[in-house]
Colleague: 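Before we start, here is the structure in question, set down as structure tokens.
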Amino acid sequence: MLPVKACIFDLDGVIVDTAKYHYLAWRRLANELGFDFSEEDNERLKGVSRMDSLNILLEIGGVQLDEARKEELAKKKNEWYVELIAHMDDKEILAGTTQFLTELQKVGVKIALGSASKNAKTILKRIGLMEMFDVIIDGTDISKAKPDPEVFLLGAEALKVEPSACVVFEDAVSGVEAALSAGMRVVGVGSKETLYKANDVVSSLAEMTLDRLEK
Ligand code: BG6
Ligand code: MG
């Protein structure tokens with residue numbers, strides 16, 4: 001394995017806890033369609049693209065719709081989500097994030113974002129972290145959702161770093177799988193039980209150090 005030259009971060013669930021806003025918007029949609037949507041159900045949507053998330057939601061509610069109607073509902077959900085994230089600020093950056101990014105910058109490790117979200121740039125701007133990233137790959141750049149490795153491979157390519165010198169930070173099982181398929185090492189952010197495929201697991205970036213990264 002090469003020494004670490006780049007770190008690629010997922011956004012939702014790693015840098016900010018936006019799962020709660022996605023949940024509120026999806027639950028509002030479910031309720032409008034006449035069924036309930038629990039926080040447990042919401043776990044299934046982590047790391048999953050907007051359209052795939054809608055399909056899971058409709059499956060939970062036992063609702064079948066044509067593609068045009070699905071597009072309409074995904075748009076509606078996103079409008080509610082955008083309203084919710086419009087109030088975000090730097091207080092929502094998860095513990096340890098700014099400090100770890102600063103340490104990486106100091107030692108010259110490149111930093112990329114690898115997110116499935118089409119709202120990633122809006123969120124980074126709101127929380128004031130846009131400038132910390134050398135490269136941003138988000139839902140507007142990719143054609144294949146995680147667990148496909150595309151998002152992370154595009155990140156490594158843009159940084160001009162070989163995949164084996166990259167470490168990915170991910171909170172979703174699909175994201176851990178995507179990183180491993182890209183030939184990268186991966187640190188899971190969350191629980192060991194869920195993210196057992198990752199090379200290492202931390203409960204938040206506050207547990208990360210440069211030493212731990214090299215191990
Ligand atoms: C991922 C989230 O980062 O982005 C998913 O974990 C979300 O929950 C996906 O569905 C797509 O996000 P957006 O903002 O493009 O709807
Ligand atoms: Mg995530």
Side-chain angles (χ1 to χ4, degrees), residues 7-30 37-60 70-88 92-95 97 112-127 129 133 136-152 154-155 167-180 182 184 186-191 194-195 197-198 201-205:
C7 287
I8 309 180
F9 294 85
D10 172 49
L11 177 69
D12 296 314
V14 171
I15 292 176
V16 282
D17 177 21
T18 33
K20 61 186 179 205
Y21 300 128
H22 279 296
Y23 173 60
L24 290 173
W26 284 127
R27 192 182 61 185
R28 184 169 171 186
L29 186 68
F37 180 61
S38 69
E39 280 194 66
E40 202 185 328
D41 291 332
N42 192 53
E43 285 300 309
R44 291 178 61 191
L45 308 191
K46 285 191 178 167
V48 177
S49 73
R50 194 180 304 166
M51 257 312 174
D52 290 349
S53 297
L54 177 63
N55 284 325
I56 296 172
L57 184 101
L58 295 176
E59 181 200 303
I60 289 168
K70 281 190 203 173
E71 288 291 341
E72 225 174 84
L73 294 183
K75 188 164 168 272
K76 200 169 180 182
K77 178 267 170 180
N78 190 56
E79 283 163 7
W80 292 330
Y81 179 68
V82 167
E83 268 171 37
L84 291 165
I85 61 172
H87 305 287
M88 287 180 81
E92 298 211 33
I93 301 173
L94 290 175
T97 307
L113 191 87
S115 167
S117 173
K118 292 183 172 150
N119 294 295
K121 289 195 183 106
T122 308
I123 294 169
L124 285 183
K125 276 185 210 147
R126 295 249 22 120
I127 62 174
L129 279 188
F133 291 86
I136 294 172
I137 308 291
D138 65 18
T140 64
D141 302 302
I142 55 173
S143 56
K144 286 170 259 168
K146 299 169 187 176
D148 190 281
E150 183 186 26
V151 64
F152 297 132
L154 286 175
V167 175
V168 169
F169 291 83
E170 254 297 345
D171 71 309
V173 174
S174 60
V176 168
E177 287 168 355
L180 294 173
M184 299 177 182
V186 52
V187 177
V189 182
S191 88
T194 316
L195 305 171
K197 287 187 189 163
V201 179
V202 292
S203 55
S204 82
L205 292 180

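Numbering of ligands and ligand atoms starts at 1, following listing order. One-based numbering along the sequence shown. Excluded from the calculations below are hydrogen atoms, water molecules and symmetry mates; all remaining heavy atoms, backbone and side chain alike, are included. Fair warning: this is a prediction, and the values are worked out from it, not measured in the lab.
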Colleague: Heavy-atom contacts under 4.0 Å between S53 and ligand 1: side chain, backbone, both, or neither?
Modeller: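 Just the side chain.
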
Colleague: Does D41 pair with R27 as a salt bridge, N-O distance under 4.0 Å?
Modeller: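 Here D41 does not pair with R27 in a salt bridge, since their nearest N and O are not under 4.0 Å apart.
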
Colleague: Could you tell me the separation between the OH atom of Y23 and the CD atom of E43, rounded to the nearest 0.5 Å?
Modeller: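 Spacing of OH (Y23) from CD (E43) equals 11.0 Å.
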
Colleague: I want to confirm something. Looking only at heavy atoms, which of R50, E170, M51 is nearest to atom 16 (O) of ligand 1?
Modeller: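 It is R50 whose heavy atom sits nearest to atom 16 (O) of ligand 1.
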
Colleague: If you measure every N or O of N78 against every N or O of ligand 1, does any of those distances drop under 3.5 Å?
Modeller: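 No; every N/O pair is 3.5 Å or more apart.
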
Colleague: Are side-chain N/O atoms of D138 and N119 paired as donor and acceptor at under 3.5 Å?
Modeller: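 Short answer, no.
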
Colleague: Just by distance, no angles: are the side chains of Y21 and E83 close enough, under 3.5 Å, to form a donor-acceptor pair?
Modeller: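 Side-chain D/A pair, Y21 to E83: absent.
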
Colleague: What atoms of ligand 1 come closer than 4.0 angstrom to any heavy atom of G47?
Modeller: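 By the 4.0 Å cutoff, the relevant atoms are 2 (C), 5 (C), 6 (O).
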
Colleague: Please confirm whether F169 and F9 have ring centers closer than 6.0 angstrom.
Modeller: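 Yes, ring centres under 6.0 Å apart.
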
Colleague: Could you tell me whether some N/O pair between Y81 and ligand 1 is separated by less than 3.5 angstrom?
Modeller: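 Such a contact does not occur with ligand 1.
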
Colleague: Measure the spacing between CG of D10 and OG of S174 and express it to the nearest 0.5 Å.
Modeller: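 Here the interatomic distance stands at 8.5 Å.
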
Colleague: For S53 and V48, indicate whether the former's side chain and the latter's backbone hold a donor-acceptor pair under 3.5 Å.
Modeller: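 Yes.
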
Colleague: Ligand 1 versus K118, non-hydrogen atoms closer than 4.0 Å: side chain, backbone, both, neither?
Modeller: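 Both the backbone and the side chain of K118 come within reach of ligand 1.
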
Colleague: Measure the spacing between CG of L54 and CG of L73 and express it to the nearest 0.5 Å.
Modeller: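 Rounded to the nearest 0.5 Å, the CG-CG separation comes out at 6.0 Å.
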
Colleague: Just do the side-chain contact (heavy atoms from CB on, under 4.5 Å) check on R28 and F37 with the steps written out, would you?
Modeller: CA-CA 9 Å; R28 184 169 171 186; F37 180 61; over 6 Å; no

Colleague: Tell me, which protein residue and heavy-atom name are nearest atom 2 (C) of ligand 1, and how many Å apart are they?
Modeller: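 For atom 2 (C) of ligand 1, the nearest protein heavy atom comes out as D12 OD2, 3.4 Å.
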
Colleague: Is there a salt bridge (Lys or Arg N to Asp or Glu O under 4.0 Å) between E170 and K197? Walk through the geometry before answering.
Modeller: CA-CA 11 Å; E170 254 297 345; K197 287 187 189 163; over 6 Å; no

Colleague: Hey, does S117 come in under 3.5 Å of ligand 1, counting only N/O atoms on both sides?
Modeller: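 Indeed, backbone or side chain, S117 has an N or O that close.
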
Colleague: Assess, by modelled atom type and distance only, whether the side chains of H22 and K46 contain a donor and an acceptor separated by less than 3.5 Å.
Modeller: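 No, no side-chain donor-acceptor pair sits under 3.5 Å.
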
Colleague: Can you sort out which atoms of ligand 1 are near N119, meaning under 4.0 Å from one of its heavy atoms?
Modeller: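 Ligand 1 atoms under the 4.0 Å threshold to N119: 13 (P), 14 (O).
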
Colleague: Quick one: does K46 get an N or O within less than 3.5 Å of an N or O on ligand 1?
Modeller: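 No; the residue has no nitrogen or oxygen that sits under 3.5 Å from a nitrogen or oxygen of the ligand.
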
Colleague: List the closest protein heavy-atom neighbour of atom 8 (O) of ligand 1: residue, atom name, distance to the nearest 0.1 Å.
Modeller: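 Protein heavy atom with the smallest distance to atom 8 (O) of ligand 1: L45 O, 3.2 Å.
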
Colleague: Would you say the side chains of N55 and K70 form a donor-acceptor pair under 3.5 Å?
Modeller: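 Yes, because at least one side-chain N or O of N55 sits under 3.5 Å from a partner of the opposite role on K70.
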
Colleague: Could you please tell me which protein N, O or S atoms lie under 2.8 Å from the Mg ion (ligand 2)?
Modeller: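 Listed by chain and number, the nearby protein N, O or S atoms are D10 OD2, D12 O, D171 OD1.
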
Colleague: Under 4.0 Å, heavy-atom basis, I'd like to know which part of V48 is in contact with ligand 1: side chain, backbone, both or neither.
Modeller: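 It is the backbone that gets close, since no side chain atom is under 4.0 Å.
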
